[in-house]
There are 2 protein chains.
Amino acid sequence: MALAAIRTDRETIARSEDHRALRIWLRLLTCTQMIERVVRSRLRSRYRTTLPRFDLMAQLERHPEGLKMNELSRLLMVTGGNVTAIVDQLEKEGLVERLDEPSDRRAFRIRLTKSGERSFTDMARAHEEWVVELLSGLSRREQDELLRLLARAKEHALERISEMRP
Amino acid sequence: MALAAIRTDRETIARSEDHRALRIWLRLLTCTQMIERVVRSRLRSRYRTTLPRFDLMAQLERHPEGLKMNELSRLLMVTGGNVTAIVDQLEKEGLVERLDEPSDRRAFRIRLTKSGERSFTDMARAHEEWVVELLSGLSRREQDELLRLLARAKEHALERISEMRP
DNA sequence: CCGAGATGCTTTAAGCTTGATCTATTCAGG
DNA sequence: CCTGAATAGATCAAGCTTAAAGCATCTCGG
């Protein structure tokens with residue numbers, strides 16, 4: 001829930017030029033949250049898991065040699081404390097394992113177990129189907145254009161962020 | 001954190017047609033989360049508040065006559081239990097008040113206090129500046145096009161959702 | 001070689017969120 | 001008028017998330 005100050009029904013006519021930015025922001029939020037809600041709900045009801053766990057397993061699936069906690073933290077863009085708790089849960093379910101890192105006794109290397117690999121493959125297939133279906137209303141050209149605009153919005157926002165002081 | 005199964009660095013060349021949908025989804029997520037993170041951080045450090053509270057106050061600012069809990073729940077798209085906790089916190093800080101609803105003894109009407117109105121006006125101005133700045137890298141035409149594509153993506157996704165079984 | 005600073009991971013408190021459940025109240029139909 | 005169903009809001013357990021603090025370990029410069 002992260003709705004900005006804007007007219008009663010979200011996407012209404014802007015009061016001024018500046019409101020376009022607020023409307024874009026609001027639409028980004030509602031689109032993202034709508035798809036996220038569907039995905040979260042499906043993962044919970046069909047696989048008894050959660051989206052953060054799924055995402056973490058997705059990162060591990062792409063790195064068969066495993067990832068360190070701080071690498072997971074960076075890739076997933078969440079804090080180390082959060083990664084610790086999610087890895088704890090997955091380890092408890094036997095889906096991942098913590099392996100010692102010989103070159104650094106502070107660190108661990110997290111890897112999917114065999115059970116975790118099978119489980120993830122199953123969920124990933126369904127996940128892709130859901131996302132494809134939810135976004136299938138856009139034509140090929142519209143999808144390409146949306147990708148391009150989101151990429152531009154992101155890179156410009158990143159520029160602004162690096163220029164801003166906290 | 002809701003990253004899907006996709007190539008190591010997020011926005012890489014799709015393996016197949018279906019991956020375009022995943023890439024769009026991923027870009028939606030990273031754009032949204034990036035802006036959200038900035039806004040949350042600013043609200044916390046400069047105003048000692050949180051984004052959900054800001055959003056709730058935004059809804060109340062537009063309804064001077066107040067809103068019932070279930071109306072807030074619907075507008076903010078979160079569960080009633082969540083609204084209860086956030087209203088509790090804002091009431092404790094003297095920013096909102098719960099008024100009896102004469103026609104229904106089960107219900108309350110939530111309204112901003114004078115203090116809450118002043119506080120919100122202050123934050124809303126800053127919030128709009130931040131969002132405008134973060135999205136200012138896009139041209140006017142690109143912003144219009146992004147709004148249009150997000151609207152189309154949303155309406156199509158809504159259609160799919162209403163057709164899907166849970 | 002040693003000490004200060006940095007790093008990796010964990011723990012803690014606080015906040016948000018959901019879905020299920022509970023109590024009090026309202027409403028509609030017989 | 002009465003009863004069963006629905007509704008409004010609160011509570012609870014579980015999960016995610018952050019920022020800050022703590023401990024163990026590593027690195028680098030003097």
Side-chain angles (χ1 to χ4, degrees), chain A residues 1-3 29 32-33 36-45 47-57 66-93 96 98-110 166, chain B residues 1-3 29 32-33 36-57 66-74 76-93 96 98-110 166:
Chain A
M1 187 248 283
L3 304 169
L29 271 174
T32 305
Q33 286 177 346
E36 195 169 339
R37 208 161 16 245
V38 172
V39 170
R40 281 182 189 274
S41 177
R42 299 282 181 82
L43 285 173
R44 185 180 58 246
S45 61
Y47 296 99
R48 292 289 182 273
T49 191
T50 66
L51 191 50
R53 293 178 202 174
F54 174 79
D55 286 335
L56 196 146
M57 291 173 79
L67 288 169
K68 295 194 289 187
M69 306 291 276
N70 61 8
E71 287 169 339
L72 279 167
S73 176
R74 182 174 54 78
L75 289 166
L76 298 167
M77 298 191 291
V78 297
T79 64
N82 195 4
V83 171
T84 294
I86 299 172
V87 166
D88 280 351
Q89 186 62 43
L90 289 169
E91 188 181 35
K92 194 162 110 192
E93 291 169 21
V96 308
R98 277 181 168 95
L99 304 167
D100 287 338
E101 173 72 6
S103 61
D104 190 337
R105 292 205 302 277
R106 298 170 296 180
F108 292 108
R109 184 160 291 273
I110 314 303
Chain B
M1 186 248 282
L3 303 169
L29 272 174
T32 306
Q33 286 177 347
E36 195 170 340
R37 207 162 16 246
V38 172
V39 170
R40 281 182 189 277
S41 177
R42 299 281 182 81
L43 283 174
R44 184 179 60 246
S45 61
R46 298 190 193 183
Y47 297 99
R48 292 292 181 271
T49 191
T50 65
L51 190 50
R53 292 177 203 174
F54 173 79
D55 286 335
L56 195 147
M57 291 173 79
L67 288 167
K68 295 194 288 187
M69 306 290 277
N70 60 10
E71 288 169 339
L72 279 167
S73 176
R74 182 174 54 79
L76 298 166
M77 297 190 292
V78 296
T79 63
N82 195 5
V83 171
T84 294
I86 299 171
V87 167
D88 280 351
Q89 186 62 42
L90 288 170
E91 187 181 35
K92 194 163 106 188
E93 292 170 19
V96 308
R98 277 180 167 95
L99 305 168
D100 286 339
E101 171 73 7
S103 61
D104 190 338
R105 293 204 302 278
R106 297 171 298 181
F108 293 108
R109 184 161 291 271
I110 315 302

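What's counted below: heavy atoms across the whole structure, side chains too, no hydrogens, waters or symmetry copies. Numbered from 1 within each chain, the chains take letters A, B, ... in sequence-line order. Note that the coordinates shown come from a computational prediction; the quantities given were computed from them, not determined experimentally.
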Which is it for A:L43 and A:T50 under the side-chain contact (heavy atoms from CB on, under 4.5 Å) test, yes or no, and what are the steps along the way?
CA-CA 6 Å; A:L43 285 173; A:T50 66; over 6 Å; no

Mind calculating the distance between [atom1] ([X]) and [atom2] ([N]) to the nearest angstrom?
X: B:F108; N: C:dT23; atom1: CZ; atom2: C1'; answer: 13 Å
X: B:R105; N: C:dT25; atom1: CZ; atom2: C1'; answer: 7 Å
X: A:D100; N: C:dG8; atom1: CG; atom2: C1'; answer: 13 Å
X: A:L51; N: C:dC16; atom1: CG; atom2: C1'; answer: 16 Å
X: B:K68; N: D:dA10; atom1: NZ; atom2: P; answer: 13 Å
X: A:I86; N: C:dT10; atom1: CD1; atom2: C1'; answer: 14 Å
X: A:N70; N: D:dA24; atom1: CG; atom2: C1'; answer: 15 Å
X: B:R74; N: D:dT7; atom1: CZ; atom2: C1'; answer: 15 Å

Taking OP1 and OP2 of C:dC16, is either one under 4.0 Å from a side-chain nitrogen or oxygen of B:T50?
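Looking at the OP1 and OP2 atoms of C:dC16, one of them is under 4.0 Å from a side-chain N or O of B:T50.
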
Phosphate contact (D:dG15 OP1 or OP2) by A:R53 side-chain N/O below 4.0 Å
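The answer is yes; a side-chain N or O of A:R53 sits under 4.0 Å from OP1 or OP2.
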
Would you indicate whether the side-chain heavy atoms of B:L99 and B:F108 approach each other to under 4.5 Å?
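Side chain of B:F108 against side chain of B:L99, heavy atoms only: no contact under 4.5 Å found.
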
Has the side chain of B:R106 got a donor or acceptor atom sitting under 3.5 Å from an opposite partner on the base of C:dT26?
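Result: no qualifying N/O pair found.
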
Measure the spacing between [atom1] of [X] and [atom2] of [Y] and express it to the nearest 0.5 Å.
X: A:T84; Y: A:R98; atom1: OG1; atom2: CZ; result: 6.5 Å
X: B:I86; Y: B:L76; atom1: CD1; atom2: CG; result: 7.5 Å
X: B:L72; Y: B:M77; atom1: CG; atom2: CE; result: 13.0 Å

Indicate, with a heavy-atom threshold strictly under 4.0 Å, whether B:R37 touches base, sugar-phosphate, or nothing.
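Counting heavy atoms under 4.0 Å across all strands, no contact is made by B:R37.
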
Counting heavy atoms from C-beta on, name the nucleotide in [options] closest to the side chain of [X].
X: A:T84; options: D:dC16, C:dT11, C:dG19; answer: C:dT11
X: B:R98; options: C:dT18, D:dA19, D:dA10; answer: D:dA10
X: A:N82; options: D:dC16, C:dT10, C:dG19; answer: D:dC16
X: B:D104; options: C:dC9, D:dT25, C:dT25; answer: C:dT25

Let me spell it out: for each of B:G81 and B:Q89, pick the nucleotide of DNA chain C with the closest heavy atom. Which residue's pick is nearer the 5' end?
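Residue closer to the 5' terminus by nearest nucleotide: B:Q89.
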
Residue met sooner reading DNA chain C from 5', once B:S103 and B:A85 are mapped to nucleotides
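Nearer the 5' end of the strand: B:A85.
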
A:G80 or B:R109: which one's nearest nucleotide on DNA chain D is closer to the 5' end?
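Looking at the nearest nucleotide for each, B:R109 comes out on the 5' side.
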
